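I am attaching a structure below and will ask some questions about it afterwards.
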Amino acid sequence: MNDAPVTAPPRAAALALGDDALVLSHRLGEWAGHAPVLEEEVALANIALDLLGQARILLSLVGDEDELAYLREERAFRNLQLVEQPNGDFAQTIARQLYFSTYQLFLYRQLAAGDSAFTGLAAKAVKEVAYHQDHAAHWTLRLGDGTAESHERMARACGALWRYTGEMFEPVEGLEVDWRALEDSWRESVAGVLERATLTLPDGPRSGAWRAGAGRQGLHTEPFGPMLAEMQHLHRSHPGASW
Amino acid sequence: MSSSTDWPLWEVFVRSRRGLSHTHAGSLHAPDAEMALRNARDLYTRRNEGVSIWVVPSSAITASSPDEKDPFFASAADKPYRHPTFYEIPEGVKHL
């Protein structure tokens with residue numbers, strides 16, 4: 001970063017990226033104490049902490065990070081509906097990770113190569129996200145090309161979350177990104193991983209009446225409310241509590 | 001879901017800096033070598049401890065037995081002349 005004053009980051013863009021990271025971080029944190037094996041619990045917690053770090057920086061660009069995280073109502077969150085989807089079984093968590101981390105990887109690569117208020121942050125985050133994508137891809141291969149049951153569960157998870165992927169490529173105000181190129185790279189990468197995992201890219205509707213996704217406009221799915229209640233209740237019950 | 005006991009055990013060796021040897025850091029469970037490397041990265045290098053990791057199946061390690069401790073190691077105890085410090089350096093020897 002140079003010393004010249006950077007232009008104020010666009011609020012809508014910082015909120016969108018920050019909320020994606022915050023909400024997915026919380027979802028991954030829900031695996032603590034429940035992950036199938038200890039080693040994987042640590043891996044998921046590491047990814048959650050990377051995302052929380054990104055969320056803190058992004059939300060701080062907009063205002064007070066604690067107020068934004070803990071005192072906003074559901075409708076004020078701007079995250080993708082994909083990241084608020086429940087963990088489900090391990091396959092569903094991995095499918096969500098594959099879809100989202102691949103999106104974040106190509107998005108942050110573009111932002112890191114550009115010249116905006118997000119350049120420095122994206123350059124740092126892209127290394128973290130590359131690992132998240134690697135983790136998701138390796139698990140997709142093992143589950144897809146594993147046992148008959150793991151294959152079926154992975155296929156089901158990829159299909160179930162597919163309708164939430166269209167929203168990722170709707171332009172976010174204030175982000176200088178080639179959204180078309182982003183979608184092409186994403187699709188090629190995800191299709192490649194799924195193919196190696198003996199799975200196929202779902203071809204269900206991502207547009208039209210069946211298309212889900214208005215998270216960026218503040219409309220969220222049913223599981224988001226309970227998640228938010230759990231995430232916010234401590235701060236709301238004991239304002240200013242610290243430890 | 002399978003439990004971690006179904007997965008093989010791996011020994012993890014981490015090289016902390018270039019020029020140093022890999023040192024045993026601990027062990028973990030993983031389904032295969034590639035995942036063992038990734039688990040090792042998360043468990044043993046997240047505080048910037050390493051530049052390289054080896055993982056080795058624990059079953060591939062042959063260890064000396066505690067029963068054989070004496071024949072293996074004790075006989076070296078009374079041979080101090082095997083240490084360089086046993087020898088006095090003669091006066092006048094330079095560059096040592």
Side-chain angles (χ1 to χ4, degrees), chain A residues 28-29 31-53 87-94 97-98 101 124 127-154 156-157 193 196-197, chain B residues 1-69 72:
Chain A
L28 290 173
W31 274 110
H34 303 281
V37 294
L38 184 63
E39 285 83 352
E40 195 49 38
E41 182 165 307
V42 176
L44 293 171
N46 262 326
I47 294 171
L49 287 173
D50 284 347
L51 290 167
L52 192 62
N87 288 335
D89 59 9
F90 189 66
Q92 176 148 329
T93 292
I94 292 301
Q97 282 304 109
L98 180 69
S101 62
K124 181 170 169 285
K127 292 178 202 145
E128 298 172 345
V129 175
Y131 185 78
H132 304 170
Q133 194 275 339
D134 176 83
H135 172 266
H138 272 278
W139 268 117
T140 304
L141 294 182
R142 279 156 185 78
L143 295 173
D145 196 12
T147 65
E149 183 179 359
S150 74
H151 176 90
E152 194 216 312
R153 284 186 185 226
M154 198 62 218
R156 194 193 309 153
V193 173
R196 283 195 292 144
Chain B
M1 283 284 167
S2 62
S3 75
S4 63
T5 52
D6 297 329
W7 287 354
L9 191 65
W10 303 78
E11 301 300 324
V12 179
F13 298 83
V14 176
R15 166 182 278 176
S16 53
R17 276 190 290 124
R18 278 182 214 297
L20 295 183
S21 318
H22 286 74
T23 316
H24 188 236
S27 54
L28 52 79
H29 289 96
D32 54 49
E34 286 287 306
M35 295 308 282
L37 266 185
R38 281 156 182 79
N39 289 345
R41 177 261 194 195
D42 287 334
L43 286 166
Y44 297 113
T45 66
R46 61 191 298 264
R47 293 174 193 86
N48 208 16
E49 291 99 330
V51 294
S52 165
I53 303 174
W54 289 346
V55 289
V56 179
S58 302
S59 60
I61 290 178
T62 308
S64 63
S65 155
D67 299 340
E68 297 165 329
K69 203 169 113 226
F72 261 65

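Values in this document were obtained by computation on a predicted structure and should not be read as measured data. Chain identifiers are assigned alphabetically (A, B, ...) following the order of the sequence lines, protein sequences preceding nucleic acid strands; residue numbering begins at 1 within each chain.
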* To do: Quick one: closest heavy-atom pair of B/N39 and A/E40, and the distance?
  => OD1-OE1, 4.3 Å

* Structure fact -> When the 4.5 angstrom heavy-atom criterion is applied to B/R46 and chain A, the contacting part is side chain

* Would you mind checking which part of A/L44 comes under 4.5 Å of any heavy atom in chain B, side chain (CB onward), backbone (N, CA, C, O), both or neither? => neither

* To do: Could you tell me whether the side chain of A/H135 reaches within less than 4.5 Å of the side chain of B/R38, counting heavy atoms only?
  => no

* Looking only at heavy atoms, which two atoms of A/V42 and B/D42 are closest? And how far apart? ->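 What the structure gives for the nearest pair is CG1-O, 4.0 Å.
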
* Asked: Any side-chain heavy atom of A/R142 sitting closer than 4.5 Å to one from B/E34?
  -> yes

